[in-house]
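This report concerns only the one structure given below.
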Amino acid sequence: MSESRAAAFERIAAELEYDFGGEIKIGGNYVPFLIEGNQVHISGQIPRVGDEIVVTGRAGGEVSLAEAQRAAKVCVMRALALLRQALGDLGRVRKVLHVNVFVQSAEHFTQQSEVADSASAVLYEVLGAAGVHTRTSVGVYQLPKNATVELNLIAVAEDLPG
């Protein structure tokens, strides 16, 4: 039998050596997720674990490609944790529709899609075919809190109350 979504999520969290349980902190006058119809919109997530931004700086500068990819994995795990919080169970995710990945990039860094690939891989590992999505990856000059990556997504859920 294949690994459950919950087990895959916990395995990846253990590989990253971070705990994505508990409250996902936000700041400002917005919500971490919003459910409209059967869609769940997840606000931008930076690689924050607890109170710490675990990867900061520019990809291709002080941050290696591998570290930027780790940042993207942390961001998408936060998004999955919010999906789990919103829906009660990752089993209720029918499809991830779209993911935006913003990479704080050094001047000549052009591997934003390779950074985003690591987040896409996590979505597929956890959700299987439901994790296959459309995606935009963009290099930006700066991100909040000097985060290397920020990611947001839109998913479709099953059986949401009307």
Side-chain angles (χ1 to χ4, degrees), residues 1-55 68-104 112-140 143-145 147-162:
M1 185 175 166
S2 66
E3 184 178 40
S4 73
R5 289 177 176 183
F9 178 90
E10 294 304 328
R11 177 181 50 77
I12 294 167
E15 289 169 4
L16 289 169
E17 299 180 344
Y18 295 123
D19 179 11
F20 296 94
E23 179 186 0
I24 299 287
K25 295 182 180 184
I26 62 166
N29 191 22
Y30 66 95
V31 293
F33 62 84
L34 184 67
I35 298 173
E36 179 63 31
N38 65 345
Q39 290 189 356
V40 183
H41 297 254
I42 302 294
S43 292
Q45 298 300 305
I46 60 176
R48 180 191 324 253
V49 178
D51 292 328
E52 180 185 1
I53 314 303
V54 297
V55 184
Q69 290 170 323
R70 185 171 71 85
K73 288 178 182 180
V74 172
C75 292
V76 79
M77 288 293 287
R78 285 177 53 93
L80 285 166
L82 285 168
L83 276 172
R84 181 177 62 187
Q85 182 181 332
L87 302 173
D89 179 359
L90 288 174
R92 294 181 63 197
V93 176
R94 188 171 78 207
K95 186 74 179 159
V96 175
L97 298 178
H98 189 78
V99 176
N100 291 308
V101 181
F102 305 94
V103 182
Q104 182 183 185
Q112 291 83 10
S113 61
E114 286 86 343
V115 172
D117 285 345
S118 63
S120 294
V122 167
L123 287 171
Y124 184 75
E125 263 190 87
V126 173
L127 301 173
V132 177
H133 52 274
T134 62
R135 183 182 83 195
T136 302
S137 54
V138 179
V140 299
L143 288 169
K145 313 290 186 206
T148 302
V149 177
E150 184 170 5
L151 174 148
N152 71 313
L153 63 78
I154 301 170
V156 175
E158 296 180 348
D159 305 324
L160 291 177

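Hydrogens, waters and symmetry mates play no part in the numbers below; they use all other heavy atoms, side chains included. These figures come from a predicted structure and were not determined experimentally.
In terms of heavy atoms, Ala86 sits closest to Ile35 at O-CD1, 4.0 Å.
Crowding of Glu17 atom CD: a count of heavy atoms from other residues, nucleotides or ligands under 6.0 Å not exceeding 12. Within 6.0 Å of CZ in Phe33 there are more than 12 heavy atoms belonging to other residues, nucleotides or ligands.
Put simply, the side chain of Leu123 reaches to within 4.5 Å of the side chain of His133, judged on heavy atoms. A heavy-atom distance below 4.5 Å is found between the side chains of Asn100 and Thr136. Side-chain atoms of Ile12 and Lys73, non-hydrogen and from C-beta on, never get closer than 4.5 Å to each other. In this structure, Val49 and Asp19 have side chains that are not in contact, with every pair of non-hydrogen atoms separated by 4.5 Å or more. Contact annotation: the side chain of Val99 approaches that of Leu151 to within less than 4.5 Å [non-hydrogen atoms, C-beta and beyond]. Between Ile154 and Val40, the closest side-chain pair of non-hydrogen atoms is not below 4.5 Å. In this structure the side chain of Leu127 reaches within 4.5 angstrom of the side chain of Val96, judged on heavy atoms. Contact annotation: the side chain of Val138 never approaches that of Val101 to less than 4.5 Å [non-hydrogen atoms, C-beta and beyond].
Atom CG of Leu82 sits about 10.5 Å away from atom CG of Leu87, to the nearest 0.5 Å. The CZ atom of Arg92 lies 8.5 Å from the CD atom of Glu158; values are rounded to the nearest 0.5 Å. Separation of atoms CD (Glu15) and CE (Met77) is listed at 9.0 Å; rounding is to 0.5 Å. Separation of atoms CD (Glu52) and NZ (Lys145) is listed at 14.0 Å; rounding is to 0.5 Å. Atoms CZ and CG, on Phe9 and Leu83 in that order, are 10.0 Å from each other to the nearest 0.5 Å.
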- Message: Using the rule given for side chain to side chain contact (heavy atoms under 4.5 Å, CB included), can you reason through Leu143 versus Thr148, listing the C-alpha separation, both sets of side-chain angles and the distance that settles it, and then say yes or no?
- Response: CA-CA 7 Å; Leu143 288 169; Thr148 302; over 6 Å; no
- Message: Run His98 and Leu153 through side chain to side chain contact (heavy atoms under 4.5 Å, CB included) and show every step you take.
- Response: CA-CA 6 Å; His98 189 78; Leu153 63 78; over 6 Å; no
- Worked check of side chain to side chain contact (heavy atoms under 4.5 Å, CB included) between Leu80 and Val126: CA-CA 9 Å; Leu80 285 166; Val126 173; 4.0 Å; yes
- Task: Given side chain to side chain donor-acceptor pair (under 3.5 Å), test Tyr18 with Arg70 step by step and report yes or no.
- Result: CA-CA 11 Å; Tyr18 295 123; Arg70 185 171 71 85; 2.7 Å; yes
- Could you walk me through whether Val55 and Val149 pass the side chain to side chain contact (heavy atoms under 4.5 Å, CB included) test, one step at a time? CA-CA 8 Å; Val55 184; Val149 177; over 6 Å; no
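A salt bridge is defined here as a Lys NZ or Arg NE, NH1 or NH2 lying under 4.0 Å from an Asp or Glu carboxylate O, and Arg11 with Glu125 meets this definition.
Of the possible donor and acceptor atoms, one in the side chain of Lys95 sits under 3.5 Å from a partner among the backbone N and O of Val132. Although no hydrogens or angles enter the test, the distance criterion places no donor-acceptor pair under 3.5 Å between the side chain of Arg78 and the main chain of Phe20. A donor-acceptor pair is defined here as one N or O able to donate and one able to accept, closer than 3.5 Å; no such pair exists between the side chain of Gln69 and the backbone of Ser118. Formation of a donor-acceptor pair under 3.5 Å by the Gln45 side chain with backbone atoms of Ser43 is found in this model. Side-chain atoms of Thr134 come within 3.5 Å of backbone atoms of Leu97 as a donor-acceptor pair (strictly under, hydrogens ignored). Using modelled atom types, no side-chain atom of Ser113 and backbone atom of Ser137 make a donor-acceptor pair closer than 3.5 Å. The backbone N or O of Val93 sits less than 3.5 Å from a side-chain atom of Arg5, completing a donor-acceptor pair.
For Arg135, the salt bridge (charged side-chain N to carboxylate O under 4.0 Å, His left out) partners are Asp117, not counting sequence neighbours. With sequence neighbours excluded, the residues forming a side-chain hydrogen bond (donor to acceptor under 3.5 Å, both in side chains) with Glu10 are Arg84, listed by chain and number.
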